[in-house]
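Let me begin by presenting the structure, written as structure tokens, before commenting on it.
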Amino acid sequence: STVMAGVVAAADLPIERGKFGYEQRTCYHHPDLFDEDVPELILESPLSCLDPSSTTAVLPILVLGDQNAGKSTFLHAFTHAQDRNFLRLTSFLPVLSSAFVNGRFLPADADPEALRDEAPFMDTDVARGTFLLTASSFCFYCGEYGVTTFDASSFPPLTEFVAVQMTEFGGDHLDRLVKYVEENKEPQQTDAELGEVLRRSVTILETNKRVAYFVNCAALLETTKNGWCLKQDELSKLKRRIGMLGATMGAASILFQVSRVPRDAVDKETCARTFTQVCGCDLTSPEAEDPSEQDKAIGQVLEDELGKEGAAKELEARHELNTAPAFLLVRDVVMSLMAEHPSLSIAGVHATRNLQEDFRPQGENCSEGVPLSAAGVTITLARLLSGTVPEVAGGVQCAVEHVLRCCREVRESSKEGEVNLWVSQHDFGEYLEEREGHLPMPGPALLQLFSQACDILVTGGLAVRTAGFSALPAVGVRRASTGETLAPVVEDTPAAAASGPMMVARGGGVVQQGGGSAAIALPWCEELFEVLTRESAVLAVAEQVVETGTFKFVSPDMQSEAKNMATGIASKLRSCGALQQDPWDLCTVAWGAFDYKVACQCAGMEADLNLQAGSAGQLPEPWSPVESETKVVATIVQE
């Protein structure tokens, strides 16, 4: 057939050794519509991503969930040209080209064929599915399926194509991420470079706000004489996974797709007790919702494509799944768990039907597997595209968010014995480059907003600029006896920076060179820095500092915690006896004064710190640049 001519894959999806372990690959080119003017979809690995261009918009979607829940089936559907229903799928969604790569992170000596739990796919750790269509076809599809979040005005004027880029995290990989996030432990597996994979995976979680979570209903439940009941270990696993998403993703919208739904009764009382025992809260049941406008639009599309009888049959099958007792139980479970994480929102909970489960092969096709449900796949995609995605208040707030994340990444990259405090525009550019394809707006646009984002953080009291090209903050310290501001000479020139590494010794560690007035830093205090840059706080910090010009914690508990931090910082500063004879402790004074000010601001109280060194009540003299083994130039500058 003409479609088969565009297939570049074996039907059995062979397993091959790849960059991060074992891989399965397939791709598709439309035999008539794909030509040299259509961008090629090339994925080096499951973690590779497409870069947007002047003519191609990239739309990232994250697909998570349980083993054998239908995730890979959904991603692979857009390349599965051998399927008997692929032509119908492309009549709904005219795909020009598509690519699928499925990855499993195992050592080289593993048996590839033992990796398949259910053919044709390996048990997925990370997979990537991408398909390309014209911008006009994408907008037409959205209009037909009631997707109101996209239309022609959603993309730049020169956009010709839309690439939908879906990343899948399998159940085992999700559990690795749970452990990685909860314990901050990185497994050692040099063959598969799993440490790098986990770091990239956390980045994908932080930057993707449109998410589908596939729940394997049959795996979450077990049958008893009184009906289906919740499995405690599977429920606990689901709770920890959602908790990890809440801790890493910030504000995100999650669409839950429930697969493999049994039709039998459930034991409601036992399920409620199990949920309370495992989760520590009650299982609640929301009221049934009326059909949405999108449901009505989907019904009309099915009738146009399948006829009244075919549409009625499809809708009846979907209604049966969405009213099954087991599905309603799982819906209540996920909604009750999500209620514990206010930063996460629910885009919907639906029973998924991406395979034509009522298919019965006959004659020479009796060995044929279950084909795709073209209607089911396109409905799942439409619901994903319709999910409410939290929007930022313009590009500046988005830039502030990512500057905060960049500060966190730079600090975490510190070598042993060093503390990386300063973030420059160059650092921010490298940070954005690593995330291209996963950003809510083009990287170059965010990079142009770096200076404005820094201004907001500095004037908002959360960040400080460098004292020239030194590693010290631009903090003024006044002499207690006279009120005089101490302002020694600073070599604020690129030549000073190029003369050698400029570090400030402190407590056995060193701080890297500042890099001029364009660089900024958040507080040095590790505890204060962590609460301001943890993923669950980044959105709130950026939103408040952009809208109000300052920041303080809203929660009384966090205000109390910040007050305790300020008290601790002040106590350490007042006990700095070495200040009388050791000029290097000026680093402690400068950073301590800044950290104290930020902690007081976050606590909503006035900063009131009178630093005195020894009985004389004066800071030592002279305060001037001095030479040492670390070639320090500069100390503290005037406010």
Side-chain angles (χ1 to χ4, degrees), residues 400-414 418-424 427-428 453-467 470-477 503-504 506-507 509-515 517 519-542 544-545 549-555 558-574 576 585-609 611 635-637 639:
V400 171
E401 288 180 37
H402 283 282
V403 168
L404 290 171
R405 294 188 179 106
C406 181
C407 289
R408 182 180 67 209
E409 182 171 290
V410 167
R411 186 79 63 96
E412 290 174 349
S413 68
S414 302
E418 295 183 7
V419 183
N420 293 340
L421 296 173
W422 299 105
V423 170
S424 66
D427 298 319
F428 192 52
C454 291
D455 289 343
I456 290 171
L457 289 170
V458 171
T459 57
L462 296 181
V464 65
R465 299 193 187 279
T466 62
S470 77
L472 289 171
V475 173
V477 178
M503 304 292 217
V504 175
R506 178 182 186 271
V510 292
V511 188
Q512 103 278 20
Q513 168 187 308
S517 59
I520 65 162
L522 297 181
W524 186 332
C525 173
E526 184 176 347
E527 187 180 9
L528 182 57
F529 177 84
E530 194 276 330
V531 298
L532 289 172
T533 60
R534 65 176 59 151
E535 188 57 35
S536 58
V538 163
L539 185 65
V541 172
Q544 187 182 146
V545 76
T550 186
F551 176 80
K552 70 175 182 179
F553 290 119
V554 177
S555 162
M558 290 305 300
Q559 288 185 1
S560 176
E561 186 176 343
K563 184 176 181 180
N564 291 336
M565 291 181 199
T567 301
I569 294 168
S571 177
K572 289 180 180 179
L573 285 170
R574 291 194 176 99
C576 187
D585 273 343
L586 297 177
C587 179
T588 301
V589 175
W591 278 107
F594 172 65
D595 289 358
Y596 174 78
K597 177 178 177 293
V598 176
C600 289
Q601 177 180 310
C602 291
M605 65 185 207
E606 293 293 327
D608 181 17
L609 179 64
L611 284 180
T635 51
I636 305 172
V637 300
E639 290 176 310

Let me confirm one number: the [atom1]-[atom2] distance from [X] to [Y], rounded to the nearest 0.5 Å.
| X | Y | atom1 | atom2 | value |
| --- | --- | --- | --- | --- |
| Asp595 | Glu527 | CG | CD | 11.5 Å |
| Lys552 | Met558 | NZ | CE | 14.0 Å |
| Ser560 | Met565 | OG | CE | 10.0 Å |
| His402 | Arg408 | NE2 | CZ | 10.5 Å |

Checking [X] now: which residues fulfil side-chain contact (heavy atoms from CB on, under 4.5 Å) with it, not counting sequence neighbours?
| X | value |
| --- | --- |
| Ala566 | Tyr596, Ala599, Cys600, Met605 |
| Thr550 | Thr548, Gln601 |
| Ala463 | Leu457, Val458, Ile520, Leu522 |

So, for [X] and [Y], which heavy atoms are closest and what is the spacing to 0.1 Å?
| X | Y | result |
| --- | --- | --- |
| Leu462 | Phe594 | O-CZ, 3.8 Å |
| Phe529 | Arg411 | CD1-NH2, 3.1 Å |
| Asn420 | Ser413 | ND2-OG, 3.5 Å |
| Val538 | Thr533 | CG2-O, 3.5 Å |

Evaluate side chain to side chain contact (heavy atoms under 4.5 Å, CB included) for Val598 paired with Leu532, printing each intermediate quantity in order.
CA-CA 10 Å; Val598 176; Leu532 289 172; 4.2 Å; yes
Determine, step by step, whether Phe553 and Val541 satisfy the side chain to side chain contact (heavy atoms under 4.5 Å, CB included) criterion, reporting the C-alpha distance in whole Å, the side-chain angles of both residues, the deciding distance to 0.1 Å, and the verdict.
CA-CA 9 Å; Phe553 290 119; Val541 172; 5.7 Å; no
Between the side chain of Asp427 and the main-chain N/O of Ser424, is any donor-acceptor distance below 3.5 Å?
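Side chain of Asp427 to backbone of Ser424, a donor-acceptor pair under 3.5 Å: yes, one is there.
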Side chains of Leu404 and Arg534: closer than 4.5 Å at any heavy-atom pair?
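Result no, sub-4.5 Å side-chain heavy-atom pair not found.
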Pair Glu409 + Arg405: basic N to acidic O under 4.0 Å
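Looking at Arg405 together with Glu409, the answer is no, because their closest N to O distance does not fall below 4.0 Å.
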